[in-house]
Amino acid sequence: MSIAFILILLLIGLLPFLIISSFPELTILFLILFVYLVIFFYRLVLSEKSMFNLTVFIYYVVFLYIAPVFQIYYDTFPNRQRLNVEYACANILLSLLFLIIYSLIHRKLKLGTSLNRFIGSSVYDFEKTTPLFIVFTVASLFIILVFAKSLVHEVMLGGEYQEIGQVESTMQYLLIKRFLYFIPFVPFLILFSKLKKKGNTFWFLFAVIITLAVALLFKNPFNEKRGLLGSIYLSWLFYYILLKRSFKISTTFIKMSFVLIIIMFLFLYPSVKVLTHLNYSITSMINNFQEFVNSFSGYLTDFKYNITSLDFDSWINAHSTLGYINKYRHTWGKQTLTSLLFFVPRSVYKSKGEGTGGIIGSYVIAEYGSWQRQMSNPLYSEAFLDLSLPGLFLYAFFLDVIGKISAACWKTNNNYLILFSLFLVFYNFYLFRGDFISSLAYLVGYTVATVLTPLLLSRSVKLFNVFSSRL
């Protein structure tokens with residue numbers, strides 16, 4: 001595997017020579033970025049056996065290295081955007097600077113001990129889970145009854161049901177889609193965390209499948225974004241794989257995971273939009289099965305179309321963000337504050353801004369005649385837009401905190417928290433791609449529903465029992 005892996009890295013490293021005749025300066029900068037990525041991989045991924053840093057590395061390789069090189073080579077960019085060599089050079093350097101800052105913060109900032117102690121204190125609450133399973137199963141059944149029409153409509157017919165899609169209150173919409181719809185995940189996660197390497201009974205496996213089906217009813221390719229679904233499904237897949245390995249992460253496992261995820265991103269990821277973006281439903285798939293197969297296979301095999309599509313727009317969106325900054329200057333805290341207060345209604349927060357994806361989307365429509373307004377925006381780009389160079393330090397610190405929370409959950413050896421750790425690992429892709437307000441809202445919703453709510457419920461029962469015993 002080592003020789004094969006080195007050859008794969010070497011092949012990736014040679015990609016910038018595709019554009020050397022037209023853009024020698026960009027070739028040099030991409031090669032510098034690649035050299036640091038290799039250093040990052042061996043120092044912060046392999047040596048630490050860190051799955052979280054592996055996803056940072058993969059995001060950079062796919063979205064900020066491979067994709068832009070091919071887009072420049074084909075002279076075709078997502079959303080009709082065009083190349084500006086000055087912005088392109090600055091973009092590569094900015095992404096490199098962010099990675100260096102993150103590496104330094106990760107190495108120098110010692111949060112591990114405090115987080116291990118804090119998160120370790122909650123392990124007991126996720127060990128005796130029978131009461132939690134009963135409570136959340138009843139809650140899930142209630143949610144299914146309340147939203148049955150909406151769920152059936154989304155899966156069978158496609159699109160959001162009127163009761164959900166046209167709610168007047170943003171707060172109400174967030175509460176339903178980004179909190180309540182995650183509650184039914186808890187019974188499945190509890191059972192899944194109890195899964196054994198061998199010796200699982202038939203009825204236990206049957207219960208796991210039933211609770212999985214309920215969870216998938218609420219979050220599936222017909223009613224949710226790929227970024228979120230990928231984080232969830234990949235965390236479940238890798239949990240099962242690691243369960244069979246007794247949760248041992250080796251350097252070989254890291255390398256094999258890198259190759260597997262790279263292949264999934266370059267080929268499977270664009271193909272999934274047949275379900276998430278083309279308004280297919282189970283009914284339309286059955287009625288137009290051949291059309292569905294042709295669409296899926298077309299996306300699967302058309303590399304040029306995929307690599308120059310909106311699926312890989314991170315780098316060029318950051319490039320256009322630099323153009324926006326040059327024209328309108330930095331937003332100085334407004335975007336960060338808007339993201340942190342995503343749950344506050346505009347009726348209360350009168351000066352609440354718009355997500356960065358929409359702002360840059362409007363800019364590229366005006367500049368290039370683009371057609372897509374709601375766009376992604378990479379974490380480093382949004383950091384620089386809002387707070388200039390200090391923003392890179394702030395957002396890199398935030399990223400490192402998420403990574404260390406993931407590591408602390410992993411070290412508890414509690415399978416439920418290991419599942420959450422893996423979710424944070426793969427959510428890193430969505431968080432990095434942005435925009436920040438969308439990714440933060442889903443992250444908070446999932447965490448509150450699947451971790452904090454069970455934790456608070458367990459603690460409340462414990463306090464009630466203590467209080468009762470003293471009466």
Side-chain angles (χ1 to χ4, degrees), residues 1-15 33-67 95-96 98-100 102-107 112 115-116 197 230-269 379 396 399-413 415 417-433:
M1 181 65 188
S2 294
I3 296 176
F5 184 77
I6 291 172
L7 290 175
I8 291 171
L9 283 183
L10 182 61
L11 180 62
I12 294 172
L14 293 174
L15 286 178
L33 174 62
F34 180 76
V35 168
Y36 188 76
L37 281 171
V38 172
I39 295 171
F40 180 90
F41 180 75
Y42 281 96
R43 294 288 299 276
L44 274 73
V45 179
L46 278 188
S47 65
E48 297 183 9
K49 296 178 182 176
S50 170
M51 290 293 291
F52 188 85
N53 285 339
L54 175 65
T55 55
V56 174
F57 175 71
I58 292 174
Y59 177 84
Y60 263 80
V61 169
V62 174
F63 292 93
L64 304 181
Y65 183 82
I66 293 177
S95 65
L96 174 60
F98 182 80
L99 188 61
I100 292 172
Y102 168 74
S103 303
L104 292 173
I105 290 175
H106 178 76
R107 279 297 184 88
L115 286 173
N116 290 342
K197 289 172 65 176
S231 309
I232 294 170
Y233 295 171
L234 280 172
S235 69
W236 296 349
L237 172 63
F238 273 77
Y239 175 86
Y240 184 76
I241 294 171
L242 286 165
L243 174 66
K244 297 298 183 180
R245 297 172 51 88
S246 300
F247 299 109
K248 293 179 181 177
I249 297 177
S250 63
T251 56
T252 300
F253 181 80
I254 291 282
K255 293 173 183 177
M256 291 181 67
S257 298
F258 167 77
V259 174
L260 174 63
I261 297 171
I262 286 281
I263 293 172
M264 291 174 66
F265 263 122
L266 292 179
F267 299 99
L268 185 60
Y269 172 70
L379 196 64
L399 184 66
D400 185 57
V401 169
I402 297 297
K404 285 188 168 67
I405 291 174
S406 175
C409 289
W410 182 272
K411 291 176 182 177
T412 62
N413 293 321
N415 288 8
L417 292 176
I418 287 175
L419 270 167
F420 180 64
S421 172
L422 286 171
F423 168 77
L424 293 179
V425 163
F426 291 106
Y427 195 78
N428 202 15
F429 291 126
Y430 190 23
L431 185 64
F432 240 112
R433 189 166 185 262

Item checked: Chi angles and distances behind the side-chain contact (heavy atoms from CB on, under 4.5 Å) call for Asn53, Tyr102 -> CA-CA 10 Å; Asn53 285 339; Tyr102 168 74; 2.6 Å; yes

Check: Tell me, do Tyr59 and Asn428 make a side-chain contact under 4.5 Å, heavy atoms counted?
Finding: no

Margin query: I'd like to know whether Lys255 forms a side-chain contact (heavy atoms from CB on, under 4.5 Å) with Ser2, so could you lay out the CA-CA distance, the side-chain angles of the two residues, the decisive distance to 0.1 Å, and finally the verdict.
Written below: CA-CA 8 Å; Lys255 293 173 183 177; Ser2 294; 3.4 Å; yes

Notebook entry, point to check: Do other residues, nucleotides or ligands put more than 12 heavy atoms under 6.0 Å from the NZ atom of Lys244?
Noted result: yes

Notebook entry, point to check: Below 4.5 Å, heavy atoms only, C-beta onward: do Leu99 and Leu37 meet side chain to side chain?
Noted result: yes

Notebook entry, point to check: Would Trp236 and Tyr233 count as a ring-ring contact (aromatic ring centres under 6.0 Å, His included) if you check the C-alpha gap in whole Å, the side-chain angles of each, and the deciding distance to 0.1 Å?
Noted result: CA-CA 5 Å; Trp236 296 349; Tyr233 295 171; 5.8 Å; yes

Checklist line | Test log, rule ring-ring contact (aromatic ring centres under 6.0 Å, His included), inputs Phe432 and Phe63 | finding: CA-CA 10 Å; Phe432 240 112; Phe63 292 93; 9.7 Å; no

Check: Any side-chain heavy atom of Tyr60 sitting closer than 4.5 Å to one from Phe41?
Finding: no

Margin query: Contact between Ile254 and Phe258 at the side-chain level, heavy atoms closer than 4.5 Å - yes or no?
Written below: no

Checklist line | Closest non-hydrogen atom pair between Ser406 and Ser421, with its separation | finding: O-OG, 2.7 Å

Checklist line | Short side-chain donor-acceptor distance under 3.5 Å, Ser103 and Arg43 | finding: no

Check: Taking side chain as C-beta onward, heavy atoms only, is Met51 less than 4.5 Å from Phe426?
Finding: yes

Next item on the list: Could you walk me through whether Ile100 and Phe40 pass the side-chain contact (heavy atoms from CB on, under 4.5 Å) test, one step at a time?
Entry: CA-CA 9 Å; Ile100 292 172; Phe40 180 90; over 6 Å; no

